[in-house]
Amino acid sequence: MSTHPLDDLNPKQREAVETVDGPLLIVAGPGSGKTRVITHRIAYLVTACGVAPYRIAAVTFTNKAAREMQARLFGRSEEDTASPLLDRAMRDQGLAVSTFHSFCARVLRRDGESLGLDRSFVIYDDSDQIGLLERAMKEVEVDPKSYSPRAVQSSISSAKSRLIGVDGFRARVENYADEVALRVYERYESLKSLAGAVDFDDLLMKTYLLLRDFPDVSDRYRSRYDYFMIDEFQDTNAAQYAIARQLSETHRNICVVGDPDQSIYSWRNADAGNILGFQNDYPEAKVVVLDESYRSTQTILDAARSVISANTGRIPNDLWTSKGAGEPICVFEGYDDQEEARFVLGEIENLTGGRRYGLGDVAVMYRVNAQSRVLEEECLRRGIPYQLVGGQKFYSRQEIKDLTAYLRLTANPHDDVSMSRVINTPTRGIGQRTRDAIARLARDTGSSTYGALESLQSSAAGRTVGLGSKALRALAAFKSLIDHLADESGRLDLIDLIKLTIERSGYERHLRQDEERGDERLENVQEYLAAAREFADLDGREALAAFLENVSLVSDVDELEEKTERVTLITLHQAKGLEFPVVFMVGMEEGLLPHARSMEDPAAVEEERRLFYVGITRAGERVYLLRAFRRTLWGRYETRIPSRFLVDVPRELIVSPDRRASDRAPRPAGRRGPARPREPNAGDTGQLRTGDKVRHDLFGDGIVTSAKPSTTDVELTVAFTEGHGVKRLLQSFAPLKKVN
DNA sequence: TTCCCCACCCATTGG
DNA sequence: GGGTGGGGAA
């Protein structure tokens with residue numbers, strides 16, 4: 001039994017769902033039921049308009065979002081009792097819901113041969129790309145000390161995202177730095193093609209070129225998909241939009257869903273201007289604005305609106321809700337990042353102590369990953385389970401990257417980045433000099449490293465290159481290892497292949513010898529095997545290809561588990577698209593939000609403000625905005641200034657925790673915070689103030705985080721440093737001494 | 001050639 | 001506070 005796609009929709013949502021023919025722009029504010037609209041629209045196309053599922057393509061920002069849509073359409077599992085929108089039997093009928101990158105990978109895997117791309121191409125991630133760029137720089141004699149590979153990468157990547165290839169780049173060279181980048185770009189491209197590899201930007205750009213230059217291919221895809229939908233349109237780049245246009249050129253059934261206020265990826269070359277572009281390119285487009293929030297209380301929406309309206313040149317979208325005002329927004333300043341973390345976790349304990357919230361309802365968000373550490377430590381200290389999204393990514397751990405490199409070589413021995421990663425890992429007597437000689441040979445013969453190994457074997461070239469017999473033997477042994485694995489990859493299933501790889505490469509022994517981290521790394525290998533099991537039902541090389549592609553294209557949020565009883569620690573960027581009843585945002589300080597690197601550029605500051613907006617609007621019921629008076633940075637303390645964005649949260653929506661505790665007795669004049677100079681030699685007498693260091697007979701050293709005079713006494717909040725947490729004390733009773 | 005230690009640079013945000 | 005890369009010793 002399935003739900004009717006027009007059920008439970010408000011008039012605007014319904015309008016969006018029913019508008020199936022021709023271009024459609026849906027502006028969807030946070031919590032306005034965007035995913036609902038997209039899934040219902042797909043269901044409507046299928047059930048009411050008789051469109052076959054395989055004629056519909058939808059692209060999302062993350063694999064997780066794609067999975068979520070599939071789940072809403074077809075149900076989560078056989079046991080799922082909620083009735084799905086579509087008959088579960090249709091699940092396998094080729095409805096394409098994926099990210100742009102995996103959509104393109106599939107296209108290229110299938111039809112990339114027209115562009116001279118081998119079917120077994122590997123996908124280079126960021127660090128692979130940097131590695132290859134460093135090599136390219138070395139080869140064209142650019143000093144990586146004067147030109148950072150990162151900078152070169154970002155200029156190449158930005159060009160590719162705008163569909164500017166080497167030739168276009170050459171035409172646009174303006175200064176010496178561009179010239180250098182061009183030289184590296186050219187070399188990088190040829191190394192990459194020699195290695196049979198593509199990078200993330202290639203996935204898009206090559207797909208674009210394929211569709212542009214091969215009419216038979218583009219005709220096939222155009223007639224395959226009659227309806228095209230794009231989620232998170234504000235975060236698409238020029239290449240992605242161009243591909244979408246190509247695919248919907250004949251029918252113009254293109255539906256884009258986005259919110260310019262949530263555009264936070266311009267640094268990744270996303271262009272919210274695509275929304276304006278869309279209205280230009282499709283002047284007949286219908287525009288539907290979804291402005292009823294089903295997520296947040298009115299208080300949260302008011303705060304969010306007040307924050308975002310300070311940005312210039314935006315299309316106002318005043319969200320409203322039928323929910324009540326709800327809880328005020330809680331603003332708190334901790335003495336340092338540790339107290340900030342203690343407050344957050346203490347409050348989480350309070351909130352989840354009753355039946356009100358579960359740990360899974362709570363997220364703590366921050367601007368940079370480095371902020372997660374203090375929070376993690378505090379979680380561990382209190383025994384609060386948490387899940388950390390991102391940070392040291394699973395697939396970028398050393399042992400995982402090494403194993404992946406072996407597998408990639410198995411699939412494609414010409415992959416030079418992987419080759420140089422593992423040719424001597426674990427060490428097998430192929431040292432720097434030998435590697436240099438091989439690299440020289442490869443370069444001179446215009447082949448990959450593997451090609452060079454082959455030529456060594458088939459001729460007496462070894463002597464001429466100047467390699468000793470020991471080195472030659474080591475190289476031959478390594479080559480036969482790769483060949484052996486490649487042979488076996490056709491016979492064995494994926495799991496056995498990985499096990500064989502671990503064993504034959506000597507990697508297992510290598511890990512067992514690692515005294516301090518060996519166990520942990522072996523566990524990671526087990527986890528890797530578990531991830532590979534998902535592909536076990538495919539056969540041999542196909543499974544290998546699918547697994548490798550998955551390794552390259554999964555993101556961190558993809559791994560996020562919902563409905564788990566753990567607190568989520570996540571960056572603001574990654575939190576986009578998610579929602580939680582309770583949201584803590586930490587580090588509301590200048591330099592973090594807005595980030596120091598964004599502060600000179602007004603446009604960048606506006607993006608930081610949108611990031612703040614995204615954070616606030618993740619919350620359904622409660623928002624906490626935290627900052628610290630001082631924070632540890634590279635081991636040093638640094639005094640912090642409150643974020644400029646905080647003043648845009650209307651005062652009447654804010655409550656401060658210490659004030660909440662004593663409504664009747666407002667604090668004496670003066671701001672909270674320890675900014676005030678301390679009185680010298682105050683001893684243990686006199687009024688204690690925020691920021692004072694104190695010593696308690698039982699709890700040890702601590703810092704006064706608030707001091708509120710009541711009618712008869714002074715109520716102190718003291719954060720103790722030795723694991724005793726935050727305590728409320730009355731000054732006249734507490735055995736406290738002031739210390740310096 | 002390998003391994004270990006120290007210096008150095010660093011860290012936005014991520015498919 | 002931490003990871004990486006280079007240089008020096010075994």
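Here the structure is a predicted model, which means the values were calculated and not measured. Reminder, nothing fancy here: chain letters follow the sequence lines and each chain counts from 1.
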Quiz item: Given that A:G431 and A:S598 both sit by DNA chain B, which one's nearest nucleotide is further toward the 5' end?
Solution: A:G431

Exercise. When you get a sec, tell me which of B:dT13, B:dA11, B:dT2 is the closest nucleotide to the side chain of A:N369?
Key: B:dT13

Exercise. Report the nucleotide, chosen from B:dG15, B:dA11, B:dG14, that has the shortest atom-to-atom distance to any side-chain atom of A:T99.
Key: B:dG15

Self-check item: Side-chain N,O (A:Q574) to OP1/OP2 (B:dG14) below 4.0 Å
Solution: yes

Quiz item: Could you give the CD-to-C1' distance, from A:E134 to C:dG6, as a whole number of Å?
Solution: 14 Å

Quiz item: So which nucleotide from B:dT1, B:dG14, B:dC3 ends up closest to the side chain of A:R433?
Solution: B:dT1

Exercise. Please check if the distance between the ring centroids of A:H595 and A:W267 is under 6.0 Å.
Key: no

Quiz item: Can you check whether A:S102 has a side-chain N or O nearer than 4.0 Å to OP1 or OP2 of B:dG15?
Solution: no

Quiz item: Contact class for A:T62 vs. all strands (heavy atom < 4.0 Å): base, sugar-phosphate, or nothing?
Solution: nothing

Practice problem: State the pairing partner of C:dG1; accept Watson-Crick or G-U wobble contacts with both distances under 3.5 Å, and report none otherwise. | Solution: B:dC10

Quiz item: Could A:K576 and A:F61 be counted as a cation-pi pair, given that NZ or CZ must be under 6.0 Å from the ring centre and within 45° of the axis?
Solution: yes

Quiz item: With a 4.0 Å cut-off on heavy atoms, is A:N424 in touch with a base, just the backbone sugar-phosphate, or nothing at all?
Solution: sugar-phosphate

Exercise. Rounded off to whole Å, could you give me the CZ-to-P distance for the A:R421 and C:dT4 pair?
Key: 9 Å

Self-check item: A:S155/A:Y185 under side-chain hydrogen bond (donor to acceptor under 3.5 Å, both in side chains): CA gap, chis, key distance, verdict
Solution: CA-CA 9 Å; A:S155 88; A:Y185 190 1; over 6 Å; no

Quiz item: Whole Å only: how far is the CD atom of A:Q129 from the P atom of B:dG14?
Solution: 16 Å

Practice problem: Looking at every strand, decide which applies to A:Y265 at a 4.0 Å heavy-atom threshold: base, sugar-phosphate, or nothing. | Solution: sugar-phosphate

Quiz item: Rounded to whole angstrom units, what separation is found between the NZ atom of A:K64 and the C1' atom of B:dG14?
Solution: 16 Å

Quiz prompt | Check: A:I641 main-chain N/O paired with A:R627 side-chain donor or acceptor under 3.5 Å | solution = no

Quiz prompt | Nearest listed nucleotide, side chain of A:R597, among B:dA11, B:dT2, B:dG15 | solution = B:dA11

Exercise. Verify whether the ring centers belonging to A:Y241 and A:F100 lie closer than 6.0 Å.
Key: no

Quiz prompt | Nearest listed nucleotide, side chain of A:T434, among B:dT13, B:dT1, B:dA11 | solution = B:dT1

Practice problem: Kindly point out which of B:dG14, B:dA11, B:dT2 is positioned nearest to the side chain of A:W267? | Solution: B:dG14

Self-check item: Sugar-phosphate only, base, or nothing, as touched by A:N237 at under 4.0 Å among non-hydrogen atoms
Solution: nothing

Self-check item: A:A370 side-chain proximity, nearest of B:dT2, B:dG14, B:dA11
Solution: B:dA11

Quiz item: Tell me: NE2 of A:H573 to C1' of B:dG14, nearest whole Å?
Solution: 8 Å

Practice problem: For nucleotides B:dT13 and C:dT4, find the distance between their C1' atoms and express it as a whole number of Å. | Solution: 22 Å

Practice problem: Let me know the distance between CD of A:E607 and P of B:dG14, rounded to the nearest Å. | Solution: 13 Å

Quiz item: When you match A:R428 and A:F200 each to their closest nucleotide on DNA chain B, which lands nearer the 5' end?
Solution: A:R428

Quiz item: Taking 4.0 angstrom as the limit, do A:E378 and A:R381 come out as a salt bridge?
Solution: yes

Quiz item: How close or far is atom P of B:dG15 from atom CD of A:E232, stated in whole angstroms?
Solution: 12 Å

Self-check item: d(OH, A:Y637; P, C:dG1) in whole Å
Solution: 10 Å

